[in-house]
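Here is the structure we will look at.
Below, all heavy atoms of this structure are taken into account, side chains as well, without hydrogens, waters or symmetry copies.
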Amino acid sequence: MYPYPPPSEGEEGGGWVIAATIYADWARWNWQASNDTRILLRDLIAWAVDARELPEYGPDATFTLPVTLTNTAATDAAAARLSILTPDKTVVTTTVVNVNIPSGAEAVTDLTIRLSDYPTHLGIWWVDYTLFDANETLIQREAAGARFVVSDPSPVADPDRDLKMWVEAPGYYFVRGMEATFRVQVRNDGATAHTVSLHYPCGATAFTVNPGVTTTVPCTRTIWGSGPFDTQLYEAGVLVGRASAPVVVVAPAVEVTPASEKPRYRAGETALVTTTLRNLQQATFDLRNVLRIRDPAGTLVYSATFTATLPAGATRHITRTPTLPSTLWGLYEIRAEAFRGSAAVGVGVSYFEMPGPRFVITATRPGPYLPGITNTVTFSV
C-alpha cells in the first residue's frame, strides 16, 4: 500500500494504492493469467507452506546450503538421497550421502550447489531428501529439506551490501518450554573480510566472515510463546542487517495405542506389549511414556517408563516384555500414558485375558450294568 499521487510528482495526495494478488488469484482460474502471474502464485505458495526468510542467490552463484534431515521412520537411516528441484519441481540433479540418523532424530548435512551447472530458473528452489537404511532399503519417502531463492539481480533487497544474513529454523511449530537451536547464516559477498557480532538473543561474540564464505552461528533459546525469532547483525557498533524466523507455539498432543501381541496369555507367561506413539502436532518435543498393567482386582503388576523425542508428525513403537503373575485369572488392563513434564498429553487403554485352568472329564464306558452289585465307572481328566 502506498500513497497516490506519489511524492515524486510534487505533492502527496490523500489516496492510497493497494497492491495485492486478488486479480491474479481470479485470473488463474478464468483463463486470463499471464506467465508472470502463474510464477507469482507458484512462488507465493512455495513460500507460504513454511513462511520464513530464505537465502537468496544469483543465477551463477556457488554456495553451501545446510539441509536438515529428519528421520521419522522406525529404522535408523544410513544414507540420504538429496534432490535439487527447480521452482517448477523439475529434478536437475541427485546425490547420495552417507548419514547416521537414529529413528526419531534429525541431522544437518551441507550440500554444495553450483547454479551455473543448471538452466536458469528464477524463483524458489527446493532440496528434497529420501532416507535409506544400511541395506539400501527405502525407509522414508521424499520430504522437503531446504529451500532457497534464485533472483536476478540478487538479492532483491540491498543488492549493494557485502553482508547477507538469514535464519535456518529447526521448524515452524514449537511447544512451550522447549529448547530450539536456530542457525543464523551470514554470507560475505564482498572482497574484504568483515568482523561482526550477533546481538540478542544470540549473544554478542564477535566473529569474522571472510570473502565468499557463509558462516553459521548456532543460537539456542527456550521457546515461551509465539512470535518471531529475531536477531541483529552489527559491525563496529553499526546495525548492518537483521533476520528473523516465525515461531508458533502449539500444545503437544499424542495418540497413544497400547496393544498386546496375543489376546490371551497363560499364567506366568512373558507377554509382548507394544505402545505406538503418534505425534499429532507439527512440532518436535520430548515426552515420557508410562506403561502400567493391572490385574482383574486393580492391583498394579507391571510398570515401566520410557523417555523419547518425538519428531513432528512422527510415529514411534516401544516394545516391552513383562512377565505375568502366576495367579488371579481374568481380564488385565494395559494403560499407556504420554507426559510432557507433569502434564498428560495422551492416553490409551487395551486389554488381554489370562484364562483360568480348564479341565475335560470323560467317563470310560463300562460293560453291562448288573443289578445288586457294585458297578465301577472310571473317568479320564
Original post:
Any idea which heavy atoms bring Gln185 and Glu168 closest together, and the distance?
Top reply: NE2-CG, 3.8 Å
**OP:** Can you run down the ring-ring contact (aromatic ring centres under 6.0 Å, His included) pairs that involve residues 64-111, sequence neighbours left out, and say none if there aren't any?
**Re:** none
**OP:** Could you state whether Val184 and Val240 fall into the same hydrophobic cluster, counting links through intermediate Ile, Leu, Val, Met, Phe, Trp or Tyr residues with side-chain heavy atoms under 4.5 angstrom apart?
**Re:** yes
Original post:
OG1/Thr130 to CG/Leu69 distance, rounded to the nearest 0.5 angstrom?
Top reply: 10.0 Å
Original post:
If you look at every heavy atom in Ser151 and Glu56, which pair is closest and at what distance?
Top reply: OG-OE2, 2.6 Å
**OP:** Could you walk me through whether Asp88 and His121 pass the side chain to side chain donor-acceptor pair (under 3.5 Å) test, one step at a time?
**Re:** CA-CA 9 Å; Asp88 291 322; His121 292 277; 4.6 Å; no
**OP:** Just jot down the side-chain contact (heavy atoms from CB on, under 4.5 Å) partners of Thr323, sequence neighbours excluded, or say none.
**Re:** Thr270
Original post:
Residues two or more places apart in sequence or in another chain: which of them pass side-chain contact (heavy atoms from CB on, under 4.5 Å) with Ala134?
Top reply: Ala78
Subject >> Closest non-hydrogen atom pair between Gly225 and Val247, with its separation >> reply: O-CG1, 3.9 Å
Original post:
When hydrophobic residues are tied together by side-chain contacts of less than 4.5 Å, even through go-betweens, does Trp166 share a cluster with Leu122?
Top reply: yes
Subject >> Check: His199 main-chain N/O paired with Thr231 side-chain donor or acceptor under 3.5 Å >> reply: yes
Original post:
How many angstroms lie between atom CZ of Arg335 and atom OH of Tyr351, to the nearest 0.5 angstrom?
Top reply: 8.5 Å
Subject >> Charged N-O contact under 4.0 Å between Glu255 and Arg278 >> reply: yes
Subject >> Transitive ILVMFWY side-chain link Val150 to Val67, under 4.5 Å >> reply: yes
Subject >> Main-chain N/O of Thr137 paired to Asn135 side chain as donor or acceptor, under 3.5 Å >> reply: no
Subject >> Side chain proximity check, Val186 to His194, heavy atoms < 4.5 angstrom >> reply: no
Atom pairs and distances, donor-acceptor, side-chain atoms in residues 303-314, under 3.5 Å, two or more places apart:
from, atom 1, to, atom 2, distance (Å)
Thr309, OG1, Asp286, OD1, 2.5

Subject >> Arg340 vs Met178, side-chain contact (heavy atoms from CB on, under 4.5 Å): CA-CA, chis, key distance, verdict >> reply: CA-CA 10 Å; Arg340 177 163 172 78; Met178 71 177 291; 3.5 Å; yes
**OP:** Can you measure from CZ (Arg187) to CG (Asp162) and round to the nearest 0.5 angstrom?
**Re:** 11.0 Å
Original post:
Hey, any chance Val256 and Leu287 share a hydrophobic cluster, counting ILVMFWY side chains that come within less than 4.5 Å of each other, even indirectly?
Top reply: yes
Original post:
If you group Ile, Leu, Val, Met, Phe, Trp and Tyr by side-chain heavy-atom gaps below 4.5 Å, do Val92 and Val97 land in one group?
Top reply: yes
Original post:
Closest heavy-atom contact between Phe174 and Pro170?
Top reply: CE2-CG, 3.8 Å
**OP:** Calculate, to the nearest 0.5 Å, the distance between atoms CG and CG belonging to Leu233 and Leu163 respectively.
**Re:** 6.0 Å
Original post:
To the nearest 0.5 Å, what is the distance between OG1 (Thr62) and CG (Leu115)?
Top reply: 7.0 Å
Original post:
Please, which pairs that meet ring-ring contact (aromatic ring centres under 6.0 Å, His included) have at least one residue in residues 205-229, sequence neighbours excluded?
Top reply: Phe182-Phe229
**OP:** Examine distances only and state if a side-chain atom of Thr274 and a backbone atom of Thr319 form a donor-acceptor pair shorter than 3.5 Å.
**Re:** no
Original post:
Is a donor on one side and an acceptor on the other found under 3.5 Å between the side chain of Gln281 and the backbone of Ala251?
Top reply: yes
**OP:** Check for a donor-acceptor pair, side chain of Ser226 on one end and backbone N or O of Val249 on the other, with a separation under 3.5 Å.
**Re:** yes
Return all side-chain donor-acceptor pairs below 3.5 angstrom for residues 208-215, not counting sequence neighbours, or 'none' if the list is empty.
from, atom 1, to, atom 2, distance (Å)
Thr208, OG1, Thr195, OG1, 3.3

Original post:
Where do Ile84 and Leu111 land on the side-chain contact (heavy atoms from CB on, under 4.5 Å) test, with the steps shown first?
Top reply: CA-CA 10 Å; Ile84 301 177; Leu111 178 64; 4.1 Å; yes
**OP:** Just grab all the ring-ring contact (aromatic ring centres under 6.0 Å, His included) pairs involving residues 255-301, residues at least two apart or on different chains.
**Re:** Tyr265-Phe352
Which side-chain N or O atoms in residues 295-302 pair as donor and acceptor under 3.5 Å with protein atoms at least two apart or in another chain?
from, atom 1, to, atom 2, distance (Å)
Asp295, OD1, Ala297, N, 2.9
Asp295, OD1, Gly298, N, 3.0
Asp295, OD1, Thr299, N, 2.9

Original post:
Where is the tightest heavy-atom contact between Val99 and Ala80, given as atom of each residue plus distance?
Top reply: CG2-N, 4.0 Å
Original post:
How far apart are the closest heavy atoms of Ser83 and Val91, and which atoms are they?
Top reply: CB-CG1, 4.3 Å
Original post:
Partners of Phe148 by ring-ring contact (aromatic ring centres under 6.0 Å, His included), sequence neighbours excluded?
Top reply: Phe63, Trp125
Subject >> Under the salt bridge (Lys or Arg N to Asp or Glu O under 4.0 Å) test, residues paired with Arg242 that sit two or more places apart >> reply: Asp230
**OP:** Could you note down all residue pairs passing side chain to side chain donor-acceptor pair (under 3.5 Å) where residues 65-78 supplies at least one of them, sequence neighbours left out?
**Re:** Thr70-Glu106, Thr72-Gln140
Subject >> Whether Ser350 side chain and Pro258 backbone form a donor-acceptor pair below 3.5 Å >> reply: yes
**OP:** Please determine, by modelled atom types, if Glu179 and Thr220 share a side-chain donor-acceptor pair under 3.5 angstrom.
**Re:** no
Subject >> Sequence-distant partners of Ala243, side-chain contact (heavy atoms from CB on, under 4.5 Å), two or more places apart >> reply: Glu53, Met165, Val167
Original post:
Can you tell me how far the CZ atom of Arg141 sits from the CG atom of Asp128, to the nearest 0.5 Å?
Top reply: 14.0 Å
